[in-house]
2 protein chains.
Amino acid sequence: MGNATVHDVARIAQVGLATVDRVLNNRGNVSAKTVAKVQAAVAQTGYVRNLAAANLARQRVYRLCFVIPAGETGFIASLLHAIEAQRAALIEDQVLVHIVQTRAFDVAGQVAALRGLDCDAVAIMVSEAPDIQDEVARLRSAGVHVLTFVADLPRSDREAYVGIDNVAAGRLAGDFMGRFLHGAGPVLMVAGSLAARDHNERMMGFRQVMQERFASLPLLPAMEGADDAATVERLVLEAAQAQALGGIYAIGAGNRGLVAALRNMAQRPVTIVHELTPTSRNALRDGLFDLVLDQDCTAATATAIKIMRDLIEGREIPAEAGKIRLNIHSRENI
Amino acid sequence: MGNATVHDVARIAQVGLATVDRVLNNRGNVSAKTVAKVQAAVAQTGYVRNLAAANLARQRVYRLCFVIPAGETGFIASLLHAIEAQRAALIEDQVLVHIVQTRAFDVAGQVAALRGLDCDAVAIMVSEAPDIQDEVARLRSAGVHVLTFVADLPRSDREAYVGIDNVAAGRLAGDFMGRFLHGAGPVLMVAGSLAARDHNERMMGFRQVMQERFASLPLLPAMEGADDAATVERLVLEAAQAQALGGIYAIGAGNRGLVAALRNMAQRPVTIVHELTPTSRNALRDGLFDLVLDQDCTAATATAIKIMRDLIEGREIPAEAGKIRLNIHSRENI
DNA sequence: GGCTTTTTGAGGCACGTCAATCATTTTAAT
DNA sequence: ATTAAAATGATTGACGTGCCTCAAAAAGCC
């Protein structure tokens, strides 16, 4: 069954081993007739290359890289943890994963990080800026496979995006917000930065659903908390003092500040946030948060690594391959 | 870095290659002192076995098997599809996946299927019965690694369970049901079979939350639809005729029947179901279903395969490894 | 026919590990 | 001290593919 080797193919096709090798690896200088003979033999024997032997022979080492923001947000910590957890199994497979951390929102620093890369494929979680798109193009032309991670750069040369559909996530949050909010009361949106594509897309999705289906609920202008706990706390408390809030949708990081603000508010709004971390987990348990939308970091990193390997091997990447499912956590399933 | 070989280890430890091999593969007949020397050299060089070379040398072929119910439910189809989608990449890695389908709820047939297995590891989705637990024990003692899949057999000898936490899924469904159901109206639960552990656990979780937090909502006795569309349709319509339903929690298969019933009901109850299939996807879009709880088949099969390989390699399996996250789909994110 | 160019075959080395044999040394038992 | 048992080293041959060289055969061209 799965045990035909190049030798079998050569014997069946009545050609030499070298010719089989030339055909299988597109080395050229083989007549069309011979190519057909070999391909027929491959089909007949059901030959499939033995990847282990191939990698051994060519001394293949997969040099992968993740470029992700620095900072101690719980989400980044989860990502790092997920990568570390897989590392042991990966080195046995000759996969070396290197992690580069850059300051969030610091485009120049991110460009510098991309410029200094030395690897076969890279997964990047960076800002959306022309300089960065140029740098992606340069990497691609230098033969490095590039995929975007968590935050997409749809207009760049990236070969794949691994992460959730942020518009859908925002829409889902809007749906739940509308259905949970029995009374009226305005809804506040707190993003990290509306210039960040992921946050912006979530906001758009949320706003779409609120307008389409829950138009009676007033939507306050979105605020930017810069992924900073103190800023988020201040913004939320100010908004709550201006008028009683019915709901809060926290689009990005800074959940610690949100928790602090909620503890100081008389009336508890329906609160939907992103990213399952110790902070948000505790807040769920204490009844401060109602829902946490979360992308599974383990799945995200595992998928990114798999796609990078597939890209290096030249395999087809289905369009859906990088899609990470969105998980929802309430107090009942943490 | 990742390039130390057994030769390096032997040189550093000042022992022979054969001795290094004996230590690394626990072949015995090595003195404690020598073992320590080798281990020190391994630590010093950072030696990690090259799995490709190892598998090549020992002609390793991973013979894996899935034992899952037959039948054309959408969920089973998704499972099969997910396995097929991975098959191409797997054979390059010398992983042969065989699928055995058994009649659902047919214990004797499942036992026979388990008895006829010839593989290194198997993932089973079967009924919970003493005969099956015995058969699992027999497989284990015959050196076959066994993990349960989608439905657990916690009292058996299985080495891992890959699937969602069904109690948590039921609790989550209960939480949403309570929050969506503004008015009163009784809630109907339709399971496939309450003897099936997964359905039973979901029901328990659902019931717990409803009693703890939404005690004012009456809960009708759970019905068994045997995963059969016609039966489900009949049961639901009968219940709806007896009294107007506020909500329906469909615990198992048979969603097609539920859709048919909903189309014939004057008042649309809040409907929460399991498994994202074409049927449930369309029902979501048409507003017949409110939520679909779903375990990601691709993730489940991929995880099961990975764990089977890890078991065969003798690697540690973290307790959490088999945990599949629960996805939630509403009309807004399909 | 003589010439060049393309195509093909044969062979070998390398990759790192496993698995086995056989000879030798060390250690333990009597 | 003798013998048995255990421990160790040295060596070798796979495993299947990639990649290279060299020579031979076939095809194309004038």
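Lettering follows sequence order; numbering is per chain, from 1.
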Are any of the side-chain nitrogens in [X] or [Y] under 4.0 Å away from the carboxylate oxygens of its partner?
{"X": "B:R197", "Y": "B:D152", "value": "no"}
{"X": "A:E92", "Y": "A:R87", "value": "no"}
{"X": "A:R155", "Y": "A:E128", "value": "no"}
{"X": "B:K306", "Y": "B:D310", "value": "yes"}

How many Å lie between [atom1] on [X] and [atom2] on [N], as a whole number?
{"X": "A:Q14", "N": "C:dG9", "atom1": "CD", "atom2": "P", "answer": "10 Å"}
{"X": "A:K33", "N": "D:dA27", "atom1": "NZ", "atom2": "P", "answer": "7 Å"}
{"X": "A:N55", "N": "C:dT17", "atom1": "CG", "atom2": "P", "answer": "14 Å"}
{"X": "A:L51", "N": "D:dG16", "atom1": "CG", "atom2": "P", "answer": "15 Å"}
{"X": "B:D8", "N": "C:dT17", "atom1": "CG", "atom2": "P", "answer": "9 Å"}
{"X": "A:Q94", "N": "C:dG16", "atom1": "CD", "atom2": "C1'", "answer": "9 Å"}
{"X": "B:R58", "N": "D:dG16", "atom1": "CZ", "atom2": "C1'", "answer": "16 Å"}
{"X": "B:D21", "N": "D:dA14", "atom1": "CG", "atom2": "C1'", "answer": "14 Å"}

Report summary line: Note: for B:A18 and A:L56 on DNA chain D, the residue whose nearest nucleotide lies more 5' is B:A18
When you check the phosphate oxygens OP1 and OP2 of [N], does a side-chain N or O of [X] lie under 4.0 Å from one of them?
{"X": "A:R27", "N": "D:dC19", "result": "yes"}
{"X": "B:N25", "N": "C:dC18", "result": "yes"}
{"X": "A:N50", "N": "D:dT17", "result": "no"}
{"X": "B:T19", "N": "D:dG9", "result": "yes"}
{"X": "A:S31", "N": "C:dT8", "result": "yes"}
{"X": "B:N29", "N": "D:dA7", "result": "yes"}
{"X": "A:Q59", "N": "C:dG16", "result": "yes"}

Query raised in the report: Is it true that a side-chain atom of A:S127 and a backbone atom of A:A129 form a donor plus acceptor pair closer than 3.5 Å?
Result: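 Checked: no pair found.
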Query raised in the report: Does B:R22 make a side-chain donor-acceptor contact with the base of D:dG9, cut-off 3.5 Å?
Result: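 Present.
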Query - A:T34 side-chain proximity, nearest of D:dG9, C:dT7, C:dC18 - result: C:dT7
